[in-house]
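One structure below.
Per chain, numbering begins at 1; letters A, B, ... match sequence-line order.
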Protein chains: 2
Amino acid sequence: MPRGFGVGPHWWCNRFQDAGFRITVPRQAILDLLNRTHEHLSAEDIYLEVHKIYPAIGLTTVYRTLELLVNMGLVFKFDFGDGRARYELSQGPGTLKHHHHLVCTGCGRVIDYTEFIEQEKELVHRTERELSRKYNFKIDSHQIQFLGLCHNCQKENK
Amino acid sequence: MPRGFGVGPHWWCNRFQDAGFRITVPRQAILDLLNRTHEHLSAEDIYLEVHKIYPAIGLTTVYRTLELLVNMGLVFKFDFGDGRARYELSQGPGTLKHHHHLVCTGCGRVIDYTEFIEQEKELVHRTERELSRKYNFKIDSHQIQFLGLCHNCQKENK
DNA sequence: CTGATAATGGAAATCATTTTCATTAAGGAG
DNA sequence: CTCCTTAATGAAAATGATTTCCATTATCAG
Ligand SMILES: [Mn+2]
Ligand SMILES: [Mn+2]
Ligand SMILES: [Zn+2]
Ligand SMILES: [Zn+2]
């Protein structure tokens with residue numbers, strides 16, 4: 001109902017229409033939020049944030065929408081080991097370039113990195129080609145993450 | 001109490017003694033199982049399997065032991081997206097070489113692969129060096145996984 | 001062998017995510 | 001613009017993996 005919410009025809013509207021999904025207020029609000037942050041938000045983070053501007057939102061809808069977005073390939077879902085899934089927009093203007101993650105096992109901090117992404121791309125492509133052939137496996141995406149201790153957490157453990 | 005269970009002084013006994021942890025029957029049983037399988041077992045898988053040979057085991061102990069083993073670096077913990085953690089022995093004879101995973105998003109099947117591990121090692125080392133320096137981040141380990149559809153699941157989706 | 005206490009296991013508690021189901025609202029047809 | 005079909009929503013309850021509590025047990029140094 002909030003006439004004129006995030007109404008402009010965003011880049012994702014076509015994706016929805018083509019797939020036959022309805023463009024609803026909750027979906028727009030969630031996409032708007034993801035589009036405007038670079039953080040790795042949990043479902044609850046998103047619920048709380050969207051709730052501020054659209055209090056009628058339900059946590060269930062957040063989960064459902066995120067699942068839809070992941071299936072559509074618009075959103076990445078990650079597990080950084082803290083017991084809750086984290087989400088990040090995969091495309092669109094304002095989105096970070098292709099990157100991977102550095103996860104601190106001490107405090108949970110996550111750093112996006114893009115170093116060596118070019119060399120990595122090459123290796124990944126070769127590996128994908130080889131694995132697809134050898135295991136007859138159709139590869140859609142990949143995840144790379146380094147686990148360790150961030151600056152702060154290194155001191156604490158002496 | 002089962003005198004003569006998996007009693008022989010296994011390779012991990014020193015690790016336990018050095019760290020001041022006790023070598024108990026449940027711990028031995030869990031390590032024995034992990035040592036003898038190449039599967040990616042969940043805590044409950046392990047509980048059920050160990051339960052056959054040592055019925056007194058409790059699920060709580062399985063979780064606690066696995067956490068300990070992960071902290072000691074003897075076991076890897078993975079999330080393949082099916083809502084439960086999976087565990088794999090990280091070292092010892094009989095352990096697979098350094099490898100990564102191919103995860104089917106259709107049926108959950110996980111394939112270990114070692115292709116291009118040598119080239120990968122090089123890249124990983126360079127990346128680690130660079131990231132450690134740039135972000136002052138002490139890297140302990142890394143995970144790489146490819147997501148996609150296995151042979152069977154490709155057909156089903158037409 | 002014995003004592004201090006680390007480790008265990010059952011039951012209850014947590015907590016993220018999913019399911020259920022009655023209600024609402026996209027959006028195509030008219 | 002109004003109607004109508006039905007996809008989408010949200011509150012509440014259910015689920016299911018993992019954690020916490022706490023009384024009891026078993027390891028192992030002395
Ligand atoms: Mn990121
Ligand atoms: Mn493996
Ligand atoms: Zn940290
Ligand atoms: Zn499959």
**Separation of D:dA8 P from A:Leu69 CG (nearest whole Å)** = 12 Å

Quick one: list whatever passes side-chain contact (heavy atoms from CB on, under 4.5 Å) with [X], sequence neighbours left out.
X: B:Arg126; result: A:Phe116, A:Gln119, B:Leu123, B:Arg129
X: B:Gln17; result: B:Asn14, B:Ile23
X: A:Thr60; result: A:Arg64
X: B:Thr37; result: B:Glu39, B:Leu41

**Prompt:** Can you list the residues that meet the ring pair (Phe, Tyr, Trp, His ring centres under 6.0 Å) rule with A:His38, with sequence neighbours excluded?
**Reply:** none

**Asked** So what is the end-to-end bend of the helix from C:dC1-D:dG30 to C:dG30-D:dC1, with 5 pairs used at each end and the value given to 10 degrees?
**Response** 40°

**Message:** I'd like to compare against my own output: the B/S/- annotation of nucleotides 1-11 of chain C with a strict under-4.0 Å heavy-atom distance to protein.
**Reply:** ----BBSBBBB

**Asked** Under 6.0 Å between ring centres, would you say that holds for B:His40 and B:Tyr87?
**Response** no

Could you go through residues 67-79 of chain A and list every donor-acceptor pair under 3.5 Å that involves a side-chain atom there, pairing it with any protein atom two or more places apart or in another chain?
residue: A:Asn71; atom: ND2; partner: A:Glu67; partner atom: O; Å: 3.4
residue: A:Asp79; atom: OD1; partner: A:Gly81; partner atom: N; Å: 3.3

**Asked** Among pairs that include at least one residue of residues 48-57 of chain A, which meet salt bridge (Lys or Arg N to Asp or Glu O under 4.0 Å), considering only residues two or more places apart or in two chains?
**Response** A:Glu49-A:Lys52

**Message:** With a cut-off of less than 4.0 Å, is there a side-chain N or O of A:Tyr63 near OP1 or OP2 of C:dT18?
**Reply:** no

**Message:** Going by salt bridge (charged side-chain N to carboxylate O under 4.0 Å, His left out), name the residues that satisfy it together with B:Arg27, two or more places apart in sequence or in a different chain.
**Reply:** none

Quick one: which protein N/O atoms are closer than 3.5 Å to N/O atoms of nucleotides 28-30 of chain C? Pair and distance per line, please.
none

**Request:** Could you identify which residues cluster with B:Ile117, counting Ile, Leu, Val, Met, Phe, Trp and Tyr as linked when any side-chain heavy atoms lie under 4.5 Å apart, either directly or through a chain of such contacts?
**Result:** none

